[in-house]
Amino acid sequence: MSDEMHVTDTYHPAEIERKWQKRWAEEGTNTFTDEALRARGREGKPFYNLMMFPYPSAEGLHVGNIYAFTGADIYGRFKRLQGHDVFEPIGFDAFGIHSENFALKVGTHPMELIPSNIEKFTRQLRRVGLMYDWKHSLDTTDPEYYRWTQWVFLQLYKAGMAVKKEAPVNWCPSCNTVLANEQVIGGECERCGTAVELRNLSQWFFRITEYAERLLNNLDWLDWSESTKKAQVNWIGRSQGAEVAFPIARARVAEDRHASAAIEAERPVIRVFTTRPDTLYGATYMVLAPEHPLVERVTTPENRERVEEYRRKAASTDLVSRKKTDKTKTGVDTGGRAVNPATGEEIPIWIADYVLMEYGTGAIMAVPAHDERDFEFANEFGLPIRRVVAADGDSGDTPLNEAYVGSGRLVNSGEYDGMEWQEAKRKITDELAARKLATPQTNYRLHDWCISRQRYWGPPIPILYCDACGTVPVPEDQLPVVLPHIDDYKPDESGISPLARHEEWYVTECPGCGGNAHRETDVSDTFLDSAWYFLRYPSAGNDQLPFDPEVTRGWLPVDSYIGGNEHAVLHLLYSRFITMVLKDLGHIEFEEPFRKFRAHGLIIKEGAKMSKSKGNVVVPDEYIEEWGADTLRTYLMFIGPYEEGGDFRDAGITGPYNFMNRLWDTVISAEEREIDAQVEQKLHATIQKVTEDTEALSYNTAIAAMMEYLNVVRAGGRTPEVEAVQPLIPLIAPYAPHLAEELWERSGGNGSVFDEAMWPDFDATKAVADEVEFVVQVNGKVRTRMQMARGIDEHAAREAAIVDENVLRFIEGKQVRKTIFVPDRLLNLVVG
RNA sequence: GCCUGGGUGGUGAAAUCGGUAAACACAGAGGACUUAAAAUCCUCCGCCGCGAGGCUUGCGGGUUCGAGUCCCGCCCCAGGCACCA
């Protein structure tokens, strides 16, 4: 179709969208050259507008992707019209189990599948009219990208933040690989829903727990969606308390039978972590995790058999059932005894699977009166319950029906009786600390990040094992360690990567001594690929450095990041962690990658989440075909608040389509004449509202404001003034970029509206009307509405109100006791 | 159980420093223009009532001249976390 077609005066979205997409691509409207990027970062007004990059699935672009991208793109275009140099890149997160499983299913190698998926995605994305800098795109499976992912691994390795250790890890028996804690949802694999098993394997871990405190504290000042911050706070799970030592009762410790007083201090102790040292006097028994190393030692001969049996059973029970809360408590008495350091009492030591080895010390002091789980356990096994905290007016002597976890004062606690619990917490900790029996302690729920994957489709971990030198990092100048093209990439349940079947690949020589070495055959977690990609974009294409220092200084950290909240604790936490480590190592100058983050809502279809199995997936192409990208974009944003998502309904799209047509017609038919005063007032009010709402991502109300304005401009079929319609072109441009470009050109503008037009200013004094609709209430009920001059005073308003017949009817013969006056809004007459 | 959001017409929603509930739009009804249709434009559109008026923001209380908005106690929906000591 030729450009001459546009001489028609009707809105033809297909034509103008094709025309402008072509022009944007040819003229590089939205891309920076590397030189320009460098210069703009240095002396321009750089604005890094980022959105979460997609996984390029074979099904193609989803309407959910478009929803996410459009919302972010609108913000970027808005910033550009406000005069910023906006860098808006996109790339592809193409490694990972998802792609690999799909490749296995359809029998096409991922190395063939991914490029064609990316090609399809790119084609679709271009049709949506997104302002992407395609010159700075990236693909995580490109060796030129993962070369630097491997480099990131090596930096962590050198800093001692990447360690290999044997640990119980989450194993998915269906995906045949290890999963990070964050990828286990309710004991099941987040990908396939299979119950996860525990396996002891030697794996690479990133020591993210070292950064727990910083990751938590920085949340205070980050401008992020509150829900996302909360999710991270919960995930990090900081608990403050004390580690308390409970000596094992001497008689029960075989090795200690003849111990002298001199080694008294070294008597074995059971360390527990508690957040409630104030309840120490109520600790009537102890519980060790079945795997706890001291179990052997405290178990008495007569209990040994039952203890062993319980431990065997616990070891074979999968995590899912072990973590079920509604399960009744089980456990076994070891026969061993420990000394409560507060009371000096000997208390029994049990083992039970409700105590988890991986949290705290793997042992607890049980305070059944003030802990729900301990209460349940004590009732199950008839263990004593002693109340030590009581609310005001409660003697603390009556038996409890349930654990009391509230606040109060101490009872049955010796010298601490009567003390307020918070104070007792400090005092008891101090006192035990003086006796070397306690230390204040902070624990985190966060675990180290296991990044090893026994799969094929990922970047090989750049480590060698030399017969002589041991673990050797691949020298940086030998990167990338290229993932070989192999055909038998299907994983098995052995726990060994498919790459381990390829001796020709993994056997190599040691870069240190030249001796025999073999490569690490695991690949890294996909979340490592995405934990640093925002650093790469501005330097994409640089084959010397992962990220150029000058470019990075100019453009990072990211100014605005928009994405789904499903990544609240995965991608977003890992990215923050990697950024902090790189900062500490001196590679970058900031420690938080995303200044501002907003989570967008989820787009659903007729009340249900879209999924292939439900057959309710909205394919965007058809809608673009029928209505145009501008209409689809505007419709998606008009459905509801961007941060809440909404329901895609076919019927609703006609509203925004009519709006596009009406807007087109209004601008085309405008004539040169003086602007009407009321229209001008509405214009300023509209510019103000669209500016504020777009900044706040309140796109639905911004669009409504523009619709409302059109209704005023066209009221009664009037011919609009040029002055009244010109500002609409930049206002609509972020939402409907193609339409805006075309209207800009047709009204005599040169080049792209995004480069040549400015976001319109408004005059706040002109945005308000001279007359207001004033409400008169009697006893809080609306009785009449009057047109009044703005700024009318109480006396004048009252004079006008009390002669109105609708008001008179309700106040006649009654005394007005009180008058409430809200300027320019309302008058309320209170009668008795 | 805990943490987030949320619950408003036939539908998507708007209004939350307490001050006209339902902006904007979809669907619906009627009308103008037209030979007709489309497009466009105009009018109506929460519920009850002929009307005056009364009622209405998940439920029950409360504060206030006035509550969708604040407080207390619940119910329901979506998402996240969960035997974390």
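First the proteins, then the strands, lettered A, B, ... as listed; each starts at 1.
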> Does A/Arg576 make a cation-pi contact with A/Trp235 (under 6.0 Å, within 45 degrees of the axis)?
Replying inline: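 No, A/Arg576 does not lie over the aromatic ring of A/Trp235.
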> Within 45 degrees of the axis of the six-membered ring of A/Tyr354 and under 6.0 Å from its centre: does A/Lys329 put its NZ or CZ there?
Replying inline: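 Yes, a cation-pi geometry holds between A/Lys329 and A/Tyr354.
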Report the distance from atom [atom1] of [X] to atom [atom2] of [N], rounded to the nearest whole Å.
X	N	atom1	atom2	result
A/Asp647	B/rG79	CG	P	14 Å
A/Leu826	B/rA67	CG	P	12 Å
A/Glu644	B/rU8	CD	P	12 Å
A/Arg714	B/rA39	CZ	P	16 Å
A/Arg276	B/rA85	CZ	P	11 Å
A/Ile639	B/rG6	CD1	C1'	17 Å
A/Ile820	B/rA67	CD1	P	12 Å
A/Arg238	B/rC2	CZ	P	23 Å

> The side chain of A/Ser227 lies closest to which of these nucleotides: B/rC65, B/rC83, B/rU4?
Replying inline: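 Of the candidates, B/rU4 comes closest.
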> What nucleotide, of B/rG19, B/rA85, B/rG53, holds the atom closest to the side chain of A/Arg809?
Replying inline: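 Taking heavy atoms from C-beta onward, the closest nucleotide is B/rG53.
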[N] versus [M] - spacing of their [atom1] atoms, nearest Å:
N	M	atom1	value
B/rA23	B/rG61	C1'	32 Å
B/rG30	B/rC45	C1'	11 Å
B/rC72	B/rC55	P	28 Å
B/rG9	B/rA21	C1'	11 Å
B/rU69	B/rA14	C1'	14 Å
B/rG68	B/rC59	C1'	14 Å
B/rG58	B/rC75	C1'	7 Å
B/rG12	B/rC83	C1'	43 Å

>> Determine whether the aromatic ring centres of residues A/Phe648 and A/Tyr635 are separated by less than 6.0 angstrom.
In response: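 Judged by ring-centre distance (under 6.0 Å), A/Tyr635 and A/Phe648 do meet the cut-off.
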>> Tell me whether the rings of A/Trp350 and A/Phe377 are parallel (<30°), tilted (30 to 60°) or perpendicular (>60°).
In response: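 Answer is perpendicular, since the angle exceeds 60°.
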Does [X] make a side-chain N or O approach to OP1 or OP2 of [N] shorter than 4.0 Å?
X	N	result
A/Lys230	B/rC3	no
A/Arg783	B/rG54	yes
A/Arg373	B/rC84	yes

What's [X] touching, base or sugar-phosphate or nothing? Going by heavy atoms closer than 4.0 Å.
X	value
A/Val775	base
A/Ile364	base
A/Gly241	nothing
A/Arg817	nothing
A/Glu566	nothing
A/Arg445	base

>> Can you tell me how far apart CG (A/Asp630) and OH (A/Tyr735) are? Round to the nearest 0.5 Å.
In response: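 The OH atom of A/Tyr735 is 13.0 Å from CG of A/Asp630, to the nearest 0.5 Å.
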> RNA chain B: A/Gly645 or A/Lys818, which has the more 5' nearest nucleotide?
Replying inline: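 Its nearest nucleotide being more 5', the pick is A/Gly645.
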> More 5' along RNA chain B: A/Ser239 or A/Glu372, using each one's nearest nucleotide?
Replying inline: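 Closer to the 5' end of RNA chain B: A/Glu372.
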Check whether any side-chain N or O of [X] sits under 3.5 Å from a backbone N or O of [Y] as a donor-acceptor pair, and report yes or no.
X	Y	answer
A/Arg445	A/Ser239	no
A/Arg386	A/Tyr281	yes
A/Gln232	A/Leu216	no
A/Thr361	A/Arg271	yes
A/His600	A/Tyr67	no

>> Both atom distances under 3.5 Å, Watson-Crick or G-U wobble: I'd like the secondary structure of RNA chain B as a dot-bracket string, with | for pairs made across strands.
In response: (((((((..(((......[....))).(((((.......))))).(((....)))..(((((..]....))))))))))))....
> Since syn is defined as within 90° of 0, does B/rG9 count as syn or as anti?
Replying inline: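 This nucleotide is in syn.
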>> Base of B/rC65, side chain of A/Asn828 - is there a donor-acceptor contact under 3.5 Å?
In response: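 For A/Asn828, whose side chain was compared with the base of B/rC65, there is a donor-acceptor pair (under 3.5 Å).
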> Residues in side-chain contact (heavy atoms from CB on, under 4.5 Å) with A/Arg809, at least two apart?
Replying inline: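 Counting only residues at least two positions away or on another chain, A/Arg809 forms a side-chain contact (heavy atoms from CB on, under 4.5 Å) with A/Asn806.
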>> So for atom CD, which belongs to A/Gln678, do other residues, nucleotides or ligands contribute more than 12 heavy atoms lying within a distance under 6.0 Å?
In response: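 No, CD of A/Gln678 has 12 or fewer neighbouring heavy atoms, counting only those of other groups under 6.0 Å.
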Between the protein and nucleotides 21-28 of chain B, list the N/O to N/O atom pairs that are separated by less than 3.5 angstrom.
residue: B/rA23; atom: O2'; partner: A/Glu708; partner atom: OE1; Å: 3.3
residue: B/rA25; atom: OP1; partner: A/Asn711; partner atom: ND2; Å: 3.2
residue: B/rC26; atom: OP1; partner: A/Asn658; partner atom: ND2; Å: 3.1
residue: B/rC26; atom: O3'; partner: A/Thr654; partner atom: OG1; Å: 3.3

